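Reading through the structure tokens given below for one structure.
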Amino acid sequence: MVWDDDTPRKLISEDGFNLVASFPGFTSQRGTVCFLSSNPNHTDDVNSRHISQIASSNTALMFTPIRESRRPVPTKQAHISIYLGKCLEKSDWSKDGLALDKRCIYNYSTSIFF
Amino acid sequence: MVWHWTRGVYIIILPLSFSDNRIKHKGEVVPSPETFKTGGAFSRTAELYQKFDFLSKKINETTQLVDPKFFDALTQLHQKAKAKHPSLAAWAGVDPLLFEGRELLLNRISGRHRDSQDPKLAYAGLYAAGNFTSGGHLFFPQLNLRVRLLPGDFVLLRGRVLEHQIEAWEGGQRISIPHFTHTSLWRDCGLEQLVDI
């Protein structure tokens with residue numbers, strides 16, 4: 001199964017456990033995804049070229065906690081559902097701008113680890 | 001007391017090779033030497049994170065939309081960690097991101113793994129940039145799910161729960177910016193129960 005288009009999707013187990021949420025075009029206006037802001041201060045979006053330029057400065061920070069012990073986690077059989085979503089244009093993106101509807105498009109079961 | 005700032009940039013120039021991404025721990029919250037060794041380095045880093053502002057806020061918002069409960073827990077962690085560690089509070093003045101971890105990975109293929117340091121109920125957020133044009137999917141072997149992760153795309157995943165890997169790509173440089181939170185910070189702040197099963 002491949003999620004390879006411009007549609008955001010969300011995959012959750014039947015008990016409501018979110019597993020994966022995909023947002024193609026997160027910082028672009030490509031496709032159906034749009035996180036635009038009416039605030040002109042926010043129109044200077046982060047794009048790849050910009051990051052490339054910044055990254056060349058070779059500096060960044062990261063908060064790094066200590067390494068967590070590799071404790072085994074049990075396996076669980078999960079029933080998975082995939083939901084389609086759509087992003088709405090925001091006038092104020094501090095409020096909801098993304099709608100993930102409840103239209104299930106696919107169901108299957110697999111083993112995941114909790 | 002249990003973590004520290006360290007270098008978060010792993011530069012790999014084409015042709016591809018792998019960097020040593022092991023993290024050194026000295027048991028204290030300190031700025032990374034690479035970042036603070038000169039005024040210029042600190043200035044550029046601050047500028048970088050300030051320019052990430054929009055991306056950071058989007059990621060915060062999206063996390064809230066996908067999982068409000070986790071977002072609330074992450075907000076609690078952020079507030080408590082800032083109160084406990086002034087260095088983090090200072091840095092939060094530049095960077096609004098709620099996740100305490102962020103890396104810049106250049107041209108790195110991550111093999112199959114789980115994020116063993118993350119809490120079970122936490123998310124990792126992967127953002128892709130660069131100028132590669134195809135491939136580079138995020139693959140979840142357990143789900144047999146392949147998710148597009150081209151420049152500008154973002155994926156939230158249960159990194160501790162789901163095995164995942166990055167596939168080969170074509171067309172140019174790939175920059176990956178993972179965002180994450182680690183169990184030890186939750187434990188340090190007495191909030192581990194919020195993200196454990």
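Chain A is the first sequence line, chain B the second, and so forth, proteins listed ahead of strands; every chain is numbered from 1. This one's a predicted model, so the numbers in the text were calculated from it and none came from an experiment.
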Check: Any side-chain heavy atom of A:V2 within less than 4.5 Å of one from B:R148?
Finding: no
Applying a strict 4.5 Å limit to non-hydrogen atoms, the region of B:F140 in contact with chain A is side chain
dist A:F23:CZ -> B:D153:CG (nearest 0.5 Å) comes out at 11.5 Å
Same hydrophobic cluster for B:L194 and B:L121, using side-chain heavy-atom links shorter than 4.5 Å among ILVMFWY?
-> yes
More than 12 non-hydrogen atoms from neighbouring residues, nucleotides or ligands closer than 6.0 Å to CD on B:Q193, yes or no? yes
Exercise for review: Side-chain contact test, heavy atoms from C-beta onward, threshold under 4.5 Å: evaluate it for B:L157 versus A:L19 and give yes or no.
Suggested key: no
Check your understanding: Does the side-chain contact (heavy atoms from CB on, under 4.5 Å) test come out yes or no for A:W3 and B:L145, once each step is laid out?
Key -> CA-CA 8 Å; A:W3 296 357; B:L145 173 63; 3.4 Å; yes
For B:D72, the salt bridge (Lys or Arg N to Asp or Glu O under 4.0 Å) test, sequence neighbours excluded, returns none
Okay, B:H137 and chain A: the region with an atom under 4.5 Å from a heavy atom over there is side chain
Student check: side-chain heavy atoms of B:V66 and A:K10 closer than 4.5 Å: yes
Whatever's closer than 4.5 Å to a heavy atom in chain A on B:Y123 counts as side chain
query: Is it true that B:L149 and B:F139 fall in one hydrophobic cluster, defined by side-chain heavy atoms closer than 4.5 Å?
result: no
> Transitively linked via ILVMFWY side-chain contacts under 4.5 Å: B:I59 with B:V94?
Replying inline: yes
Note, B:V155 side chain near A:V20 side chain (heavy atom, < 4.5 Å)
yes
Checklist entry - Would B:L191 and B:L98 show up in the same hydrophobic cluster when neighbours are defined by side-chain heavy atoms closer than 4.5 Å? => result yes
CG (B:L162) and CG (A:L11) are apart, to the nearest 0.5 Å, by 8.0 Å
For B:V147 and A:S22, the nearest pair of non-hydrogen atoms, with its separation, is CG1-OG, 3.5 Å
